[in-house]
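Quick notes on the structure that follows.
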Amino acid sequence: MLYLFSVRYSGSDGRAVLYFYDDEEHKIVKIPDYSGHKPYLLTDLTPDEIIEKFPEVIKHPGFNKLDIVEKYDALNDRWIRMTKVEANDPLSIGGSGKSIRELLKDHSWEAKIKYHHCYIYDRQIIPGMPYKYEDGEPKIVETSVPEGIRKLVEGLVEDKIQAAEMIEWAKLLSAPIPKIKRVAIDIEVESEALRVPSPKLAEDKVIAVSYYSSDGRKGVYLLEREEKHGNTQISLGDARITFFKDEKELLLATFKLIEEYPLLVTFNGDSFDLPYLYNRALKLGFKKEEIPISWKERDEYPELRNSIHIDLYKFFTNKSMRVYAFGNKYREGNTLDEIASALLGKGKVRHEELISEMTYQRLAEYSFRDAELTYELTAFNDDLVIKLIILMMRISKLPMEDLTRHNISAWIRNMFYYEHRQRGWLIPNPEDIKRIKGDTSTRAIIKGKKYLGAIVIDPLPGMYFNVLVVDFASLYPSVIKTGNLSYETVRCPHEECKRNIVPGTPHWVCTRRRGMMASIIGILRDLRVYVYKKAAKEVKSEDEKQHYDVIQSALKVFLNASYGVFGSEAFPLYCPPVAESTTALGRYAILKTMRKAVDLGIPVLYGDTDSLFLWNPSRDKLEKLLQSVLDDLKIDLSVDKEYKWVVFSERKKNYLGALKDGKIDVKGLVGKKRNTPEFIKKLFTDVVTTLSKADTITSFEEAIEQVKDDIRESIMRLKNNQISLDQLAFNVVLTKDLQEYVETTPQHKKAAQQLLREYKKLYGSTPVNIMKGSVVSYVKTRDREGVKHVQLARIDEIDTEKYLDIMKTTLEQVLDALGISFDELLGIQSIDDFLQIKSKK
DNA sequence: ACGCGTAATAC
DNA sequence: GTATTACG
């Protein structure tokens with residue numbers, strides 16, 4: 001079968017080239033001149049008006065023809081007649097000097113989007129789906145939905161139309177996913193110390209190209225250089241080592257290799273490897289046709305002429321991928337080393353020497369590992385990442401190259417646009433949504449925010465046994481669905497709907513029509529919660545289970561961002577009343593549930609956004625609560641966690657508990673935060689672990705003794721300067737470039753500046769790793785600045801008192817809650833006395 | 001180019 | 001009180 005991977009446009013004539021993956025031959029099949037893609041522009045002028053008022057349109061070199069079409073204008077709830085101006089490219093500038101859209105500026109719809117996939121098509125095609133080619137047309141291969149999945153869907157909704165829509169989505173998700181033949185490559189170039197090689201200039205020799213493929217070809221192409229790099233008789237496991245005397249030959253071999261694979265995977269290939277290879281090849285005298293890469297400086301990214309390229313750097317730095325698919329395992333880390341270490345448990349080869357100084361053996365090892373890791377990132381867990389990409393292509397309708405390079409808002413945008421075209425709806429202009437639907441009405445608590453968000457219920461401080469946490473399964477998608485929220489249904493034009501108010505807002509919701517966003521988000525949510533999650537639990541075979549898990553996590557990525565985008569001005573369907581109504585319904589749901597719990601006599605200890613902590617509820621009362629929420633709010637509430645005990649302080653988002661399975665849950669406490677010095681984090685964890693082991697009063701007393709010992713020991717080590725600078729360092733991320741900190745000078749900025757100054761003095765250059773996004777490590781010192789970069793500080797400069805203070809406040813978050821005083825625990829009157837005594841000495 | 005709420009610390 | 005960071 002052929003799987004649609006990519007859609008590209010040949011110049012400005014509007015015809016598309018489709019790139020399919022043939023899963024039998026394992027190669028890319030190109031279909032040029034795809035006629036189904038005729039971009040056009042819609043206008044509210046009649047054909048006669050166009051001919052009369054804008055004769056240039058008809059004379060435009062790209063102009064094709066005029067047609068009349070019926071379109072649904074959802075904002076005003078009416079079908080209207082529009083004129084379709086068919087042109088090779090209505091956005092591009094033709095011989096007349098102006099694009100057709102430019103000419104019809106005030107009367108044009110739907111072509112305001114620069115992005116090339118946002119034209120409207122006569123026949124829509126779905127990236128990632130299986131096709132066969134018949135009579136010059138790609139036809140989607142109808143695949144059946146597994147019986148188990150179909151049963152789950154049909155058992156879910158009575159409405160036949162809704163069930164049919166859900167089955168359509170289930171078809172997308174259930175269609176087979178091909179095994180993809182692919183190769184990962186990584187290049188190394190010979191550059192001088194501290195100079196970052198420029199892919200634009202490509203001045204340095206390409207000295208190594210490593211490759212690692214799905215069909216077992218792996219190796220390193222090396223360039224023979226001076227003798228100091230060692231003997232060429234080197235070996236590297238089962239990797240094949242090939243030496244080239246001539247750099248041109250090396251590039252030729254590399255290009256041949258790339259051409260043999262339908263999919264190329266790199267890490268940062270968009271900004272480095274591919275443009276570098278391209279420009280270097282030109283420099284060495286290759287003709288453009290001899291290079292499989294096409295690259296122009298103003299291109300968004302380099303393209304492979306006959307195959308597909310994915311840059312994993314772009315894909316793995318995508319926020320939604322990090323947070324939702326991988327549980328935020330690798331946080332701010334952007335490097336191959338960090339990502340691979342987190343996901344594969346294996347990092348890059350460490351090296352002290354410069355790449356250009358390495359021996360052949362070292363260079364091969366270093367470079368090969370990069371290619372290996374890059375490949376492994378697509379292959380671990382049975383090709384999990386490839387499967388996710390294909391599924392998300394189907395949900396978003398974005399081609400592989402675009403999906404992996406754009407953020408979630410583009411995915412969701414494209415998904416909704418597709419749906420508009422499918423239904424014959426006009427895609428509204430952002431200004432029109434804003435003008436008709438208006439702004440937010442609630443006031444945000446945080447300065448600078450646009451509207452009111454979630455609520456956090458004040459915790460009841462103390463220690464509680466048998467605590468049960470209930471939560472709403474994807475609360476925001478649920479209320480979008482049950483509240484029928486969508487840009488066209490919120491503040492709809494109908495008089496009778498104005499009584500259907502969203503609690504806590506002046507907004508109302510349509511009672512006549514089902515909202516598009518509500519419908520789609522609702523379907524995705526139900527498929528995830530009731531169908532694929534359930535199926536994953538029920539099926540016997542490990543393979544099937546894993547497959548359903550991939551599907552449900554792909555859905556999760558979309559669901560988690562489905563509310564946020566409506567509150568983002570950058571999103572073209574931005575609709576403040578929708579975003580505001582979503583959080584309002586969320587607040588309504590949690591507060592109503594809390595009241596119900598209290599009415600049933602269940603004490604509510606705490607709650608945040610979509611969860612409630614219930615104190616020792618009886619089975620009976622719990623059942624009643626869950627049922628009444630389902631009946632009244634039509635949202636599922638279910639048991640999320642069970643704690644043996646939980647400790648709350650007076651602070652919100654701060655608690656500590658022991659789960660029934662013995663696992664310890666620490667939330668929000670400073671001792672857990674990434675920026676906290678290792679030494680304090682370690683002490684904190686030790687204290688928590690010790691205390692958590694106790695479940696009776698006597699063992700608790702023993703635990704406290706142990707804690708005392710631990711803390712005293714730490715204080716002694718601190719005072720005796722026995723703790724290394726590394727252990728004492730705060731690690732804080734620079735979220736801006738240094739020059740951008742204008743309001744204040746935070747400590748991490750100070751430390752970064754110190755280091756830069758020092759480097760300038762010593763080497764005349766500055767380290768490359770101090771910029772936006774890098775982590776600055778500093779310790780607190782007794783000097784005037786109070787802070788020193790960890791690389792510049794000496795152990796005897798440490799401000800011991802400051803650290804004792806930090807130790808105290810950190811541990812107090814736990815000890816306070818347990819009714820233990822830090823100072824009493826240590827048998828001193830107070831920490832302040834202690835500090836005073838010390839400073840007098 | 002997804003959202004808001006809370007805590008802690010430095011300035 | 002504001003800025004900054006981290007996290008829920």
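Given the structure is predicted, the values throughout are model-derived calculations rather than measurements. Below, chain A is the first sequence line, B the second, and so on; all start at residue 1.
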Does the structure place the NZ or CZ of Arg405(A) under 6.0 Å from the centre of the six-membered ring of Tyr301(A), at an angle of no more than 45° from the ring's axis? yes

To the nearest angstrom, how far is Lys788(A) atom NZ from dA10(B) atom P? 18 Å

Parallel, tilted or perpendicular, judged at 30° and 60°: which one describes the rings of His420(A) and Tyr487(A)? parallel

Could you tell me how far apart Arg405(A) (CZ) and dA1(B) (C1') are, to the nearest whole angstrom? 18 Å

Euclidean distance, atom CG of residue Asp805(A) to atom P of dA10(B) [Å, nearest integer]: 9 Å

Phosphate contact (dT4(C) OP1 or OP2) by Lys736(A) side-chain N/O below 4.0 Å: yes

Taking OP1 and OP2 of dA3(C), is either one under 4.0 Å from a side-chain nitrogen or oxygen of Lys447(A)? yes

To the nearest Å, how far apart are Lys319(A) NZ and dA6(C) P? 14 Å

What is the nucleic acid contact for Leu452(A), judged by heavy atoms within less than 4.0 Å: base, sugar-phosphate only, or nothing? sugar-phosphate

Candidates dG8(C), dG3(B), dT4(C) - which lies nearest the side chain of Ser568(A): dG3(B)

Closest nucleotide among dT4(C), dA7(B), dC4(B) to the Ile446(A) side chain: dC4(B)

Using the closest heavy atom to pick a nucleotide of DNA chain B for each, name whichever of Ser562(A) or Val787(A) lands nearer the 5' end. Ser562(A)

Under 4.0 Å, heavy atoms only, any strand: does Glu650(A) hit a base, just the sugar-phosphate, or nothing? nothing

Please determine if a side-chain N or O atom of Thr583(A) lies less than 4.0 Å away from the OP1 or OP2 oxygen of dC4(B). no

The side chain of Arg674(A) is closest to which nucleotide in this list: dA3(C), dC4(B), dA6(C)? dA6(C)

Closest to the side chain of Ala570(A), out of dA6(C), dA1(B), dG3(B), is dA1(B)

In whole angstroms, the gap separating P of dA6(C) from CZ of Phe730(A) amounts to 13 Å

For the side chain of Lys802(A), counting heavy atoms from C-beta on, which of dA10(B), dA6(C), dT4(C) is nearest? dA10(B)

Please state whether the phosphate of dA6(C), meaning OP1 or OP2, lies under 4.0 angstrom from any side-chain nitrogen or oxygen of Asn675(A). no

Distance, rounded to the nearest Å, where Leu559(A) contributes CG and dG3(B) contributes P: 18 Å

Choosing from dC11(B), dG8(C), dG5(B), which nucleotide comes nearest the side chain of Ile445(A)? dG5(B)

If I take atom CZ in residue Phe571(A) and atom P in nucleotide dA1(B), what distance separates them, rounded to the nearest angstrom? 14 Å

With respect to the side chain of Lys449(A), which nucleotide from dC4(B), dA8(B), dA1(B) is positioned closest? dC4(B)

Using a 6.0 Å cut-off, check whether atom NZ of Lys437(A) has over 12 heavy atoms from anything other than its own residue. yes

I want to check one thing: is the phosphate of dT6(B), taken as OP1 and OP2, less than 4.0 Å away from some side-chain N or O of Lys652(A)? yes

In whole angstrom, give the distance that lies between atom OH of Tyr574(A) and atom C1' of dG3(B). 11 Å

What does Thr582(A) touch in the nucleic acid at a heavy-atom separation under 4.0 angstrom: a base, only the sugar-phosphate, or nothing? nothing

Closest listed nucleotide, where the reference is the side chain of Val732(A) and the choices are dT5(C), dG3(B), dC7(C): dT5(C)

With sequence neighbours left out, what residues match Glu642(A) under salt bridge (Lys or Arg N to Asp or Glu O under 4.0 Å)? Lys660(A)

Does Lys644(A) make a cation-pi contact with Trp615(A) (under 6.0 Å, within 45 degrees of the axis)? no

Counting the atoms with a prime plus P, OP1 and OP2 as sugar-phosphate, which does Gly567(A) contact under 4.0 Å by heavy atoms, base, sugar-phosphate, or nothing? sugar-phosphate

Just N and O in the side chain of Arg587(A): are any of them under 4.0 Å from OP1 or OP2 of dC4(B)? no

Sugar-phosphate, base or nothing in reach of Ala454(A), heavy atoms under 4.0 Å: sugar-phosphate

Phosphate oxygens OP1/OP2 of dT5(C): is one of them under 4.0 Å from a side-chain N or O of Tyr741(A)? yes

Under 4.0 Å, heavy atoms only, any strand: does Tyr563(A) hit a base, just the sugar-phosphate, or nothing? base

Mind checking Lys749(A) for me? I need base, sugar-phosphate or nothing, with any heavy atom below 4.0 Å counting as a touch. nothing

Quick one: which of dC2(B), dG5(B), dT4(C) gets closest to the side chain of Thr744(A)? dT4(C)

Compute both the distance and the angle, then confirm whether Lys750(A) meets the cation-pi test with Tyr778(A): under 6.0 Å from the six-membered ring centre, within 45 degrees of the axis. no

Axial cation check for Tyr741(A) ring with Lys749(A), 6.0 Å and 45° limits: no

Under 4.0 Å from OP1 or OP2 of dT4(C): is there any side-chain N or O of His748(A) that close? no

Of the options dC2(B), dA6(C), dT9(B), whose atoms approach the side-chain atoms of Thr809(A) most closely? dT9(B)

If every non-hydrogen atom of Val687(A) is compared with every non-hydrogen atom of Leu815(A), which pair is closest and at what distance? CG1-CD2, 4.4 Å

Please determine if a side-chain N or O atom of Gln747(A) lies less than 4.0 Å away from the OP1 or OP2 oxygen of dT5(C). no

